[in-house]
Amino acid sequence: MQKKLPLLITTGEPAGIGMDIVLLLADTGKLQDFARPIWVTADHTALQKRADMLLAAGVLRSCPRWQTVDLDIAADNFLEQMPQQTHMNTHDGHAFILLNTPCAQSVICGQINTRNSAMVAQQLEIAHQLATYKAIAAIITGPLQKSALIDADIRLPDGTMFSGHTEFFMQQSGCDKVVMMLANQAMKVALVTTHLALKDIPAAITANNVRQTVQIVIDDMQEKFGLMQPRILVCGLNPHAGEGGHLGVEEMEIINPVLREFIAAEINISEAMPADTLFTPRHLANCDAVIAMYHDQGLPVLKSHGFGDTVNLTLGLPYIRTSVDHGTALDLAGSGGASATSLYQALNMANEMADRSIVSGTIV
Ligand SMILES: NC(=O)c1ccc[n+]([C@@H]2O[C@H](COP(=O)([O-])OP(=O)(O)OC[C@H]3O[C@@H](n4cnc5c(N)ncnc54)[C@H](O)[C@@H]3O)[C@@H](O)[C@H]2O)c1
Ligand SMILES: N[C@H](C(=O)O)[C@H](O)COP(=O)(O)O
């Protein structure tokens with residue numbers, strides 16, 4: 001039988017709860033639910049220290065066992081070495097394989113230290129390289145502190161400000177466009193724009209952006225969720241979807257002409273709808289995905305229906321990437337108060353997508 005490739009978890013900001021939630025799932029045996037090796041990127045020393053804290057807090061029953069691999073990321077043959085590691089799995093008593101990504105300075109819970117931000121970025125680089133090389137089935141990201149990477153002057157590959165995992169993986173993969181989607185039991189919400197200041201959003205609502213977003217949502221609802229004829233509802237940008245042009249013209253001039261192209265092609269999609277009433281049970285009952293124009297139009301509604309139980313995923317990438325729905329929760333790091341449910345859901349979704357996908361003839 002073909003071996004299944006690993007799921008890779010990046011723990012993100014070391015002062016936050018990324019390591020805590022991995023340890024919590026390891027302690028309860030839930031990392032074994034996926035019948036795949038689990039690889040984790042983190043600093044070995046910081047992880048051990050966090051485990052000790054959680055043990056002392058009484059939230060871990062025992063210290064999870066893991067096997068540490070010291071990576072020589074700078075080595076030319078870094079990627080060639082990695083597939084040989086796939087024989088290491090979770091059946092030998094280890095909860096996971098730790099790909100050690102050392103911090104520059106020791107980690108203090110809840111205290112951002114921008115000297116450790118390069119290590120956060122390095123985790124993303126490793127994840128991208130392993131996914132591109134098809135050494136892993138999927139990337140599952142823990143939370144990072146965007147402001148820390150910005151303050152450390154860590155930039156996206158195109159030299160612009162670091163704004164999130166979504167933009168990082170998009171640029172590293174050479175994609176022109178990807179789509180942020182968050183999903184829970186209540187709904188799936190995809191965004192036309194991601195991490196943009198409110199004042200910059202209208203200019204980003206172009207016909208091309210709307211068209212690319214819709215197409216990626218259709219393609220990935222089919223490929224990643226197995227929904228061959230997805231039913232999609234689309235929010236307008238303005239109050240009351242522009243009120244016939246009296247409260248904004250983006251719906252009439254940009255959004256609806258694009259949506260009519262898809263309707264003419266017999267795609268089950270709405271024209272722009274007033275966002276205030278779109279998210280009501282009557283509409284949601286008859287739709288597979290909502291497309292919102294911007295971050296805080298869609299995500300607050302979705303998170304109010306299941307924060308902590310939601311998965312963030314990136315559509316349109318050449319590999320599978322899911323994520324937790326929450327941030328670094330600096331206030332909870334090391335306390336045992338963090339919930340690991342979103343990480344579990346993100347692992348579960350990535351695993352299901354990997355089981356469904358066939359990459360280069362290899363079942364991942
Ligand atoms: N996936 C990601 O990398 C990601 C996602 C969202 C936010 N962020 C970043 O996180 C940082 C902090 O953002 P924020 O304060 O707005 O959001 P946050 O999610 O870190 O915290 C919001 C509130 O929710 C609580 N909380 C968060 N996760 C929890 C968990 N697993 N269990 C229990 N309670 C939890 C926190 O204690 C806090 O009270 C920002 O830099 C933001 O950009 C990262
Ligand atoms: N908007 C995301 C959320 O609410 O979960 C969060 O900022 C993370 O984004 P990235 O996955 O791009 O880092």
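The structure displayed is predicted, hence computed values, not measured ones. Every number for a ligand or one of its atoms is a count from 1 in the order of the listing.
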Trainee: Heavy-atom contacts with T166 under 4.0 Å: which atoms of ligand 2 show up? List them by number with element.
Mentor: 10 (P), 11 (O), 12 (O)

Trainee: Is there a polar contact between ligand 1 and K146, counting only N or O atoms under 3.5 Å apart?
Mentor: yes

Trainee: Considering only NZ, NE, NH1 and NH2 on the basic side and carboxylate oxygens on the acidic side, decide whether D355 and R36 come within less than 4.0 Å.
Mentor: yes

Trainee: Could a heavy atom of I17 be found less than 4.0 Å from some atom of ligand 1?
Mentor: yes

Trainee: Report the member of S163, S339, G16 with the shortest heavy-atom distance to atom 32 (N) of ligand 1.
Mentor: S339

Trainee: I'd like to know whether ligand 2 has H326 as a neighbour, heavy-atom separation below 4.0 Å.
Mentor: no

Trainee: Show your working on side-chain contact (heavy atoms from CB on, under 4.5 Å) between N100 and T45 and close with a plain yes or no.
Mentor: CA-CA 9 Å; N100 188 20; T45 308; over 6 Å; no

Trainee: At a non-hydrogen distance cut-off of under 4.0 Å, which region of D325 contacts ligand 2 (side chain, backbone, both, or neither)?
Mentor: backbone

Trainee: Which one of E125, H128, Q129 satisfies the side-chain hydrogen bond (donor to acceptor under 3.5 Å, both in side chains) criterion with Q172?
Mentor: E125

Trainee: Which residue holds the protein heavy atom closest to atom 2 (C) of ligand 1, what is that atom called, and what is the gap in Å?
Mentor: P143 CA, 3.6 Å

Trainee: Under a 4.0 Å N-O cut-off, is there an ion pair linking D288 with K188?
Mentor: no

Trainee: Taking only heavy atoms of G164, which atoms of ligand 2 are found under 4.0 Å from at least one of them?
Mentor: 12 (O), 13 (O)

Trainee: Can you sort out which atoms of ligand 2 are near H165, meaning under 4.0 Å from one of its heavy atoms?
Mentor: 10 (P), 11 (O), 12 (O), 13 (O)

Trainee: Contact between L47 and L23 at the side-chain level, heavy atoms closer than 4.5 Å - yes or no?
Mentor: yes

Trainee: Should you measure from each heavy atom of L299, which atoms of ligand 2 turn up under 4.0 Å away?
Mentor: 1 (N), 4 (O)

Trainee: Can you name the atoms of ligand 1, numbered from 1 with element, that are less than 4.0 Å from a heavy atom of S323?
Mentor: 1 (N)

Trainee: How about Y344 and F34: are their ring centroids closer than 6.0 Å?
Mentor: yes

Trainee: Under a 4.0 Å heavy-atom limit, does M170 contact ligand 2 with its side chain, its backbone, both, or neither?
Mentor: neither

Trainee: Suppose we measure from atom 44 (C) of ligand 1 to each protein heavy atom; which comes out shortest, and what is that distance?
Mentor: L144 O, 3.2 Å

Trainee: Of all the non-hydrogen atoms in the protein, which one sits nearest to atom 23 (C) of ligand 1, and at what distance?
Mentor: F307 CE2, 4.6 Å

Trainee: Can you tell me which residue and heavy atom of the protein come closest to atom 12 (C) of ligand 1, and the distance to 0.1 Å?
Mentor: T328 OG1, 3.6 Å

Trainee: Counting each atom of ligand 2 from 1 as listed, which ones have a heavy atom of K303 under 4.0 Å away?
Mentor: 3 (C), 4 (O), 5 (O)

Trainee: Do L31 and L347 come within less than 4.5 Å of each other through their side chains, counting heavy atoms only?
Mentor: yes

Trainee: Picking from N312, T10, T141, what satisfies side-chain hydrogen bond (donor to acceptor under 3.5 Å, both in side chains) with S323?
Mentor: T141

Trainee: Considering the heavy atoms of L332, write down every atom of ligand 1 situated less than 4.0 Å from one of them.
Mentor: 33 (C), 34 (N), 35 (C), 37 (O)

Trainee: Please state whether the rings of F307 and H326 are parallel, tilted or perpendicular, taking 30° and 60° as the class boundaries.
Mentor: perpendicular

Trainee: List every atom of ligand 1 that sits less than 4.0 Å from any heavy atom of A338, numbering the atoms from 1 in the order shown and giving each element.
Mentor: 32 (N)

Trainee: With atoms numbered from 1 as shown, which atoms in ligand 2 lie under 4.0 angstrom from a non-hydrogen atom of M180?
Mentor: 1 (N), 9 (O), 12 (O)

Trainee: Quick one: look at N312 and ligand 2, take heavy-atom pairs under 4.0 Å, and tell me if it's side chain, backbone, both or neither.
Mentor: side chain

Trainee: What about A329: any of its N or O atoms under 3.5 Å from an N or O on ligand 1?
Mentor: yes

Trainee: Give me the atom names and distance for the closest heavy-atom approach of I254 to A207.
Mentor: CG2-N, 3.4 Å

Trainee: Students should be able to answer this: which protein heavy-atom is nearest to atom 39 (O) of ligand 1, and at what distance?
Mentor: D331 OD2, 3.8 Å

Trainee: How close does the nearest protein non-hydrogen atom get to atom 18 (P) of ligand 1, and which residue and atom is it?
Mentor: G327 N, 3.5 Å

Trainee: In the protein, which heavy atom is nearest to atom 4 (C) of ligand 1, and how far is it?
Mentor: H326 O, 3.4 Å

Trainee: Check each heavy atom of H195 against ligand 2 and say whether those closer than 4.0 Å belong to the side chain, the backbone, both or neither.
Mentor: side chain

Trainee: Distance under 4.0 Å to a non-hydrogen atom of H165: what atoms of ligand 1 satisfy this?
Mentor: 3 (O)

